[in-house]
Amino acid sequence: MRLVLYYLMLLGSSYVISMYGPHESAQMTGDILLGGLFPIHFGVASKDQDLAARPESTQCVRFNFRGFRWLQAMIFAIDEINNSSMLLPNITLGYRIFDTCNTVSKALEATLSFVAQNKIDSLNLDEFCNCTDHIPSTIAVVGAAGSAVSTAVANLLGLFYIPQISYASSSRLLSNKNQYKSFMRTIPTDEYQATAMADIIEYFQWNWVIAVASDDDYGRPGIEKFEKEMEERDICIHLNELISQYFEDHEIQALADRIENSTAKVIVVFASGPDIEPLIKEMVRRNVSDRIWLASEAWASSSLIAKPEYLNVVAGTIGFALRAGCIPGFREFLQHVNPKRDSHNGFVREFWEETFNCYLEDSSRIQESGSTSFRPLCTGEEDITSVETPYLDYIHLRISYNVYVAVYSIAKALQDILTCTPGHGLFANNSCADIKKMEAWQVLKQLRHLNYTNSMGEKMHFDENADMAANYSIINWQRSAEDGSVLFKEVGYYNIHSKRGAKLFIDKTKILWNGFSSEVPFSNCSEDCEPGTRKSIIDSMPTCCFECTECSDGEYSNHKDASVCTKCPNDFWSNGNHTFCFLKEIEFLSWTEPFGIALAICAVIGVVLTAFVMGVFVRFRNTPVVKATNRELSYVLLFSLICCFSSSLIFIGEPQDWTCRVRQPAFGISFVLCISCILVKTNRVLLVFEAKIPTSLQRKWWGLNLQFLLVFLCTFVQVMICVVWLYNAPPSSYRNHDIDEIIFITCNEGSVMALGFLIGYTCLLAAICFFFAFKSRKLPENFTEAKFITFSMLIFFIVWISFIPAYFSTYGKFVSAVEVIAILASSFGMLACIFFNKIYIILFKPSRNTIEEVRCSTAAHAFKVAAKATLKHNTASRKQSSSNDESSASTPSSSISLKTNGNDCDSASGKHKPRVSFGSGTVTLSLSFEESRRSSLM
């Protein structure tokens, strides 16, 4: 039964290999066999299979010189290892290398041969037959190139845990170890390349690009990651297109139309060379030379595109290339290739024919074409160095170096298995694998733990995703001045391991755009917004399309294309162009400005005048005028006026917390003290003159002590208002930023209600004072200044009633100025109305400042009062007599006269008795003015 099973497996595997396996390969036997998958051709000939007969294998077309060089790198590495006495001694590595033709179908044909051979070996049929000539199992595969091809191969090899190390497949999907269990690679993932591309676009300040991706597992994931990176940077993709080398002509033309009509000048391409070639050809046919191409690693140095005839379109291309490596001896190895000597490499003959455009003897192409008229025969001895092909481009070995690293990684893993010490292995119970009987999964296990230093001194290891980290070189396609060929000029690099913001470096001076220009092309949806403006989104348009709007006042932008205008700090304001902020002008009622100086001078004048009045009063303190004005209260009144004038000075200068807390209480208390003195003085004289006979009790309670007590009580109420205010809501200095270019330093009063109480209480006392002053306006002027007090209170009311709307309608320093003016105006009003008349009498009319003048004015006032009372009484009597029928016909005379002996105001007499006559009789009114009594009253 087992024999039958063996026969069926052998028959099936041979059928697969012979019928569907690749016809050409590079093979060499050995103790351990490595598989290889390389794109020796760019594609397959398109052929419709109508299935009328057995399907034939499709034919590969367009020889890939770079792919053949990659294959040679694998053979060179294996030869080096076999010739090394240090690495895998006494073990020979063999290889089986197939052409994938850059297609999934061809790659799977080759992969089936690897898998089938491994399946046969796993049956262990040595006891049934002598299988000495059978091919050993393939324990690892190097390849493939394209991500789409590697994806298909990885799915198949992963079923049998055969390790696969790709040298050029960068799709980020292949990092998924749950799906691709045995896939590894020596090239960085596209996760980094997409980010690097977005960084380059951001670096050159482009925001309007076209994205083109191959319609496979390489292009779609790469462009998807690129889109996410662009969204994070607020960069827009105008067109997002898929492409394939198998597109029909009309599809390519439609795509070229869309690109040509787009306003975006930068085209980002995630595709391989064969996929992008049809589009490049169409753009060359149309001579569309004003575009900048941003090339992914898969075609950044592709020989299919980097042709001199394409340079009018692709010159200036920015591409990502893998970091180049050094392979000692590889140059000579490439130059010594020969179809006669390289019998193990079935691709050498075709390479030779394509290089020299000829046919070798017994070539399969002669049999296929049936004629050699268009190609000469080759001798096989031609000089390979005499022909320019991508095969000999060994200056920048990128993918070839990745192949070299992949082969050496497998060899290092095998070396670790060979030198493994039992008890220190990676397998069950720390056992080691037997290199003579090892299986592919054991090699995969060893590769995952690989860590070694290569010949260049680089640390080599696979990370948790089985990826090998590397960096990118940034190249610029330029035209060679010597022969017009494409020159890959290295202009920068992208370091994956650097921190964000420091990964990208580009030397812009080395870049030639469109082949000749050093000016960075413009690829934005809208023109740049100049400093002082910001981008404003246009409805129904992408965010990258905008119009420029001028920054608002107080905002600025100091660079082009600002998304938002930056608000100036509180102490700054924007200039006229909104390109920067300048320090706001700080304003307050300053001591140095003319207005502040004028107010300060007025306050000082007020203080000086008040002090002068006080000095005059002190100097003439014993004169009747000073005594009659209640000199003690006058001193207090003058002191309070000095405080009023002085309090206005606190409102001038830069407001500080302490000045804000002092100035309003100082003003309020000073004014209340002033008005209290006026009120008590006026009210006292009025009560004395209206009393019929002053009693001793009245004289006692209307003495100085009671007067000062009343002043103290009135002032104490204001003091308590201020204390409560300062405790609950103390004023403080405040910077007012409401005005655009000015900072007003003012006082925040803390509580407007408290300020209202302070002024309101002052006005209440002033109103009471006004009432008493008006009532006592007819008293002797020597005793009270009723008329002048009335005028002063009227001035006070006019000033402070006007102050309220002015205070709330002004701002900044003018608030303090309004209050200073109100304080000075009301203070000058009281000073002038109450004291200037007295000063005038004391200094310029000393004749009126005598005791006789006081007595005369007092007698005149008494006479007026008595006459008024008598006339009132007489009028009532006449009305009563006229109503009496028996009244006499003659009526007494109603004339009134004031008779005095000699001079009415005799200065020599100490007493005077004026007489008042009423018709037939005489009434004598006697007033005695003893100095002591008057002094007590005063």
Side-chain angles (χ1 to χ4, degrees), residues 39 41-43 46 61-67 102 145-146 148 168 193 197 200 209-216 218-220 222-223 226 237-262 264-321 389-390 393 475-480 484-489 512-516 521 523:
H41 294 85
F42 284 112
S46 111
V61 295
R62 294 190 299 167
F63 193 83
N64 183 0
F65 289 94
R66 292 180 70 219
N102 205 36
Q193 189 174 188
M197 282 186 166
I200 283 185
V209 300
I210 298 172
V212 178
S214 57
D215 190 13
D216 55 27
Y218 170 73
R220 287 192 299 269
I223 212 68
F226 175 73
I237 298 176
H238 185 210
L239 295 176
N240 198 339
E241 303 287 345
L242 294 177
I243 195 172
S244 172
Q245 60 179 312
Y246 302 112
F247 269 15
E248 300 291 340
D249 289 343
H250 68 89
E251 294 177 295
I252 296 295
Q253 292 173 3
L255 175 58
D257 288 338
R258 292 192 292 273
I259 292 176
E260 191 173 7
N261 294 331
S262 173
K265 301 301 181 183
V266 175
I267 306 173
V268 180
V269 181
F270 255 96
S272 62
D275 285 326
I276 195 63
E277 184 187 20
L279 177 61
I280 297 296
K281 285 183 177 180
E282 181 62 23
M283 301 297 279
V284 170
R285 187 184 69 82
R286 301 186 182 200
N287 195 27
V288 181
S289 58
D290 61 341
R291 299 298 196 272
I292 297 297
W293 301 81
L294 190 56
S296 66
E297 174 277 328
W299 71 280
S301 56
S302 172
S303 59
L304 277 179
I305 313 300
K307 296 179 179 179
E309 57 267 28
Y310 294 165
L311 270 180
N312 287 338
V313 171
V314 299
T317 295
I318 300 295
F320 285 88
T389 63
D393 183 13
I475 59 176
N476 178 227
W477 289 23
Q478 300 179 7
R479 188 186 297 272
S480 173
S485 62
V486 179
L487 179 65
F488 301 124
K489 180 75 172 180
L512 290 180
W513 302 102
N514 301 114
F516 59 88
S523 184

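Annotation: side-chain hydrogen bond (donor to acceptor under 3.5 Å, both in side chains) contacts of Ser244 (sequence neighbours excluded): none. Judged as a side-chain hydrogen bond (donor to acceptor under 3.5 Å, both in side chains), and not counting sequence neighbours, the contacts of Asp275 are Ser272. Under the rule for a side chain to side chain contact (heavy atoms under 4.5 Å, CB included), the partners of Leu512 that lie at least two apart in sequence or sit in another chain are Asn476, Gln478. Every side-chain hydrogen bond (donor to acceptor under 3.5 Å, both in side chains) that Ser262 has, sequence neighbours left out, goes to His238. For Glu297, the side-chain hydrogen bond (donor to acceptor under 3.5 Å, both in side chains) test picks out no residue, with sequence neighbours left out. Partners of Lys307 by salt bridge (charged side-chain N to carboxylate O under 4.0 Å, His left out), not counting sequence neighbours: none found. Taking the ring-ring contact (aromatic ring centres under 6.0 Å, His included) definition, one finds that Phe42 meets it with nothing, sequence neighbours left out. In this structure, the side chain to side chain contact (heavy atoms under 4.5 Å, CB included) partners of Ala315, at least two apart in sequence or on a different chain, are Leu311. Taking Glu241 as the reference, Arg258 meet the salt bridge (charged side-chain N to carboxylate O under 4.0 Å, His left out) condition, with sequence neighbours excluded. Partners of Trp299 by ring-ring contact (aromatic ring centres under 6.0 Å, His included), not counting sequence neighbours, listed by chain and number: Trp477. Annotation: salt bridge (charged side-chain N to carboxylate O under 4.0 Å, His left out) contacts of Asp215 (sequence neighbours excluded): Arg220.
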I'd like to know whether Asn102 forms a side chain to side chain contact (heavy atoms under 4.5 Å, CB included) with Gln245, so could you lay out the CA-CA distance, the side-chain angles of the two residues, the decisive distance to 0.1 Å, and finally the verdict. CA-CA 11 Å; Asn102 205 36; Gln245 60 179 312; 3.9 Å; yes
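Taking all atoms of both residues into account, the shortest heavy-atom contact from Ala295 to Ala300 is CB-CA, 3.9 Å. The two residues Phe320 and Leu294 make their nearest non-hydrogen contact at CE1-CD1, 4.5 Å. Between Gly316 and Trp513, the shortest heavy-atom contact is O-CE3, 4.2 Å. The shortest heavy-atom contact between Pro308 and Ser485 is CG-CA, 4.0 Å. Closest approach of Ser296 to Tyr218, counting heavy atoms only: OG-OH, 2.9 Å. Residue Tyr246 comes nearest to Gly43 through the heavy atom pair OH-CA, 4.5 Å, listed as atom of the first residue, atom of the second, then distance.
To the nearest 0.5 angstrom, Asn64 atom CG is 6.5 Å from Leu304 atom CG. Note that the CD1 atom of Ile252 and the CD1 atom of Ile280 stand 10.5 Å from one another [nearest 0.5 Å]. In this structure, Leu487 CG and Ile475 CD1 are separated by 9.5 Å, a value rounded to the nearest 0.5 Å. Distance check, rounded to the nearest 0.5 Å: CZ of Phe226 to CD of Gln193 gives 11.0 Å. The structure places CG of Asn514 at 4.0 Å from CD1 of Ile292, a figure rounded to the nearest 0.5 Å. One finds the CD1 atom of Ile243 at 4.5 Å from the CG atom of Leu279 (value rounded to the nearest 0.5 Å).
Asn312 places no side-chain N or O within 3.5 Å of a backbone atom of Val284 that could act as its donor or acceptor partner.
Contact of the Ile259 side chain with the Ile267 side chain is registered, since non-hydrogen atoms from C-beta on lie closer than 4.5 Å. By the 4.5 Å heavy-atom criterion applied to side chains, Ser301 and Arg66 are counted as neighbours.
Listed by first and then second residue, the salt bridge (charged side-chain N to carboxylate O under 4.0 Å, His left out) pairs involving residues 285-296 are Asp257-Arg286, Glu260-Arg286, Lys265-Asp290, Glu282-Arg285, Glu282-Arg286 (not counting sequence neighbours).
Just one of Val313, Val266, Val212 meets the side-chain contact (heavy atoms from CB on, under 4.5 Å) condition when paired with Trp293; it is Val313.
Remark: Glu248 CD is loosely packed, at most 12 non-hydrogen atoms of other residues, nucleotides or ligands lying under 6.0 Å away.
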